[in-house]
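So that the names make sense, note that chain A is the first sequence line, chain B the second, and so on, each numbered from 1.
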Amino acid sequence: MHFLSIISENYPSGYSTMSDREKSKADHFALVDCNNFYVSCERLFNPSLEGRPVIVLSNNDGCVISRSEEAKSIGIKMGMPAFTIPDIIEKHKVKVFSTNYTLYGDISHRIMNILSSLYPEIEIYSIDEAFILIRGMDDKALWKAGENIRKTILQWTGIPVSTGIGTTKTLAKAASHHVKNSGGEKGVYVAGSGKEQDVFLQNLPVQKVWGVGEKYALFFQKNNIYNAYALKRADAFSVKNRLGVMGQRIVLELNGVCCYPLNNNPEEKKEVCLSRSFGKPIIRYDDLEAATVNYAGTIAGKLRKMELCAGDLLVFVMTGKYARGPQYVNYKIIHLPVPANNAPELIHYTIIALKQLFRDGYQYKKSGVIASGLVPAAGRQLEIWNEKDHQRSDLIQSVMDNVNRKTGNKSVKLAIENDGSTGKMKQEMLSPKYTTSWEGILQVKMDDTESKAENIV
DNA sequence: TCTGGGGTCCTAGGACCC
DNA sequence: TCTGGGGTCCTAGGACCC
């Protein structure tokens, strides 16, 4: 049965009735997106990587998470496990990097600063993307603005970006997708309006529309909707019946009805999570505890930085989902008697949970801690019975924080926190922290005939 | 041997209340 | 066959994002 067989031929009433002229000058969203961001970061400090296939791997050197154009063209797909492609790497001399978040985070920060100096109405959407609001420009001016963004960021940081522009975030996303696939050398596309926009949307497969994942794509295809244009013309209310408001919003946004305004003042986080796969499977309880306790300690630090306390702690453990042998996945939620953000308490409850979760005879591959029920540290409710212990833990923590601030990171830590060697990640091809660590700074050698940059670490 | 990690939002259904 | 009805709050799980 095709639930979407009623396709609305006319614009549903109640939608925007602006003239084309008014529309063209309306507010626009621009999505600025760094091209192959992690690879571009690696190339910044290693020019010999230009023109070569380069990839960056996820934690534990697991999957491919960033690819240069050359790597894409030889068939390396996003998310491929690295161990399945040694022959391609060998044959094409692919340069492989472990992920270096310290470096990428720092470059990202610089780019976002530049962008927000150009356009103060900005929403940082991910490490390599931001939405900005551009007001009162016509198409011609929008193209110019996009080109200027690209030129400025390239000149000031060396990172190439592309910009997609449209009257909603979904249209801006679609435009950005178009830039990357059409190899537009200007690095800009404006979704435009009328016939031109229809053609552009017809060329966008429905599964590439922002908000359409595997399940939604399947549903649309079953209903003969294969591209963004067909989805735009689908009846928003039929879609809502089957997919809920999320589906409806996608259709509305494609029609230029804004459902997702710019969020330039993101509220505080709702949860903080830290989890890792282990380099080697863990069998003993002590090792599992040693690895997991550090996550709790790190989360406590993040919470203090955000001036938040956690009301609940979720601790989980799991065996490798691809491993042979018995499988085990379990979690435990602990409601803290008093919201906390000091390491001693979070670690205390993490251990209580872990002891209940641990079963002998399994090869653990991953564990994690999620803090939720976050409340502002200043306004938290104290519980009279626990106040004494609580204040003691807070005091210990603040003394440690003070010492660490003066003497450097983690020079004082709890005895139970360890050096992180248990369950350590595999990172065999890590580049230096070029921009955030003295040891990582690039050294330049000059002689009479040539100049070359190399890093001696 | 080797397959990432950190998020958000929505919804259905259960518990509970009057 | 029929067993009250309506409301709120919470939570687990699903779907999606980068």
Cationic tip of Lys215(A) within the cone over Phe219(A)'s six-membered ring, i.e. under 6.0 Å and within 45° of the normal?
-> no
So is Lys366(A) actually on top of Phe278(A)'s ring, under 6.0 Å and inside 45° of the axis?
-> no
Give one of base, sugar-phosphate or nothing for [X], where a contact means two heavy atoms less than 4.0 Å apart.
X         : answer
Asp61(A)  : nothing
Val64(A)  : nothing
Glu214(A) : sugar-phosphate
Lys169(A) : nothing
Ile127(A) : nothing
Lys280(A) : nothing

dT3(B) to dC18(C) separation - P atoms, rounded to the nearest Å = 25 Å
Under 6.0 Å from the CD atom of Glu90(A), do we count more than 12 heavy atoms belonging to anything else shown?
-> no
Does a sphere of radius 6.0 Å around CD in Glu147(A) hold more than 12 heavy atoms from other residues, nucleotides or ligands, not counting ones at 6.0 Å or beyond?
-> yes
Quickly work out the Ile65(A) CD1 to dG6(B) C1' distance and round it to whole Å.
-> 12 Å
Starting at CZ of Arg242(A) and ending at P of dA15(C), how long is that distance when rounded to a whole Å?
-> 12 Å
Presence of [X] side-chain N/O under 4.0 Å of [N] phosphate oxygens OP1/OP2:
X         : N      : result
Ser277(A) : dG5(B) : yes
Lys426(A) : dT1(B) : no
Thr84(A)  : dC2(B) : no
Lys269(A) : dG6(B) : no

Between Arg67(A), Lys72(A), Glu42(A), which is the residue that forms a side chain to side chain donor-acceptor pair (under 3.5 Å) with Asn36(A)?
-> Lys72(A)
Under-4.0 Å salt bridge between Asp61(A) and Lys426(A) | no
Salt-bridged, Glu129(A) to Lys173(A), with N to O below 4.0 Å?
-> yes
5'-most contact on DNA chain B (nearest-nucleotide basis), Pro281(A) vs Cys273(A), goes to Pro281(A)
Specify the residue among Phe278(A) and Leu274(A) whose closest nucleotide of DNA chain B lies further upstream toward the 5′ end.
-> Phe278(A)
Polar pairs (N or O, both sides) under 3.5 Å between protein and nucleotides 9-12 of chain B?
from: dC9(B); atom 1: OP2; to: Lys270(A); atom 2: NZ; distance (Å): 3.1
from: dC10(B); atom 1: OP1; to: Arg249(A); atom 2: NH1; distance (Å): 2.8
from: dC10(B); atom 1: OP1; to: Arg249(A); atom 2: NH2; distance (Å): 3.0
from: dT11(B); atom 1: OP1; to: Val245(A); atom 2: N; distance (Å): 3.2

From the list dT3(B), dA15(C), dG5(B), which nucleotide is the closest neighbour of the side chain of Lys215(A)?
-> dA15(C)
When you get a sec, tell me which of dG4(B), dC16(C), dC18(C) is the closest nucleotide to the side chain of Tyr125(A)?
-> dC18(C)
Once the angle between the rings of Tyr328(A) and Tyr362(A) is folded into 0 to 90°, is it parallel (under 30°), tilted (30 to 60°) or perpendicular (over 60°)?
-> parallel
For [X] against [Y], the heavy-atom pair lying closest together:
X         : Y         : answer
Val369(A) : Ile299(A) : O-CD1, 3.2 Å
Lys169(A) : Pro261(A) : NZ-O, 3.1 Å
Leu204(A) : Ala174(A) : CD2-CB, 3.6 Å

Stems in DNA chain C, runs of 3 or more consecutive Watson-Crick or G-U wobble pairs with both distances under 3.5 Å, sorted by first number, are B:5-18 with C:5-18
Numerically ordered, the residues 313-336 of chain A set in heavy-atom contact under 4.0 Å with DNA chain B is Tyr322(A)
Any side-chain heavy-atom pair of Ile149(A) and Val161(A) under 4.5 Å | yes
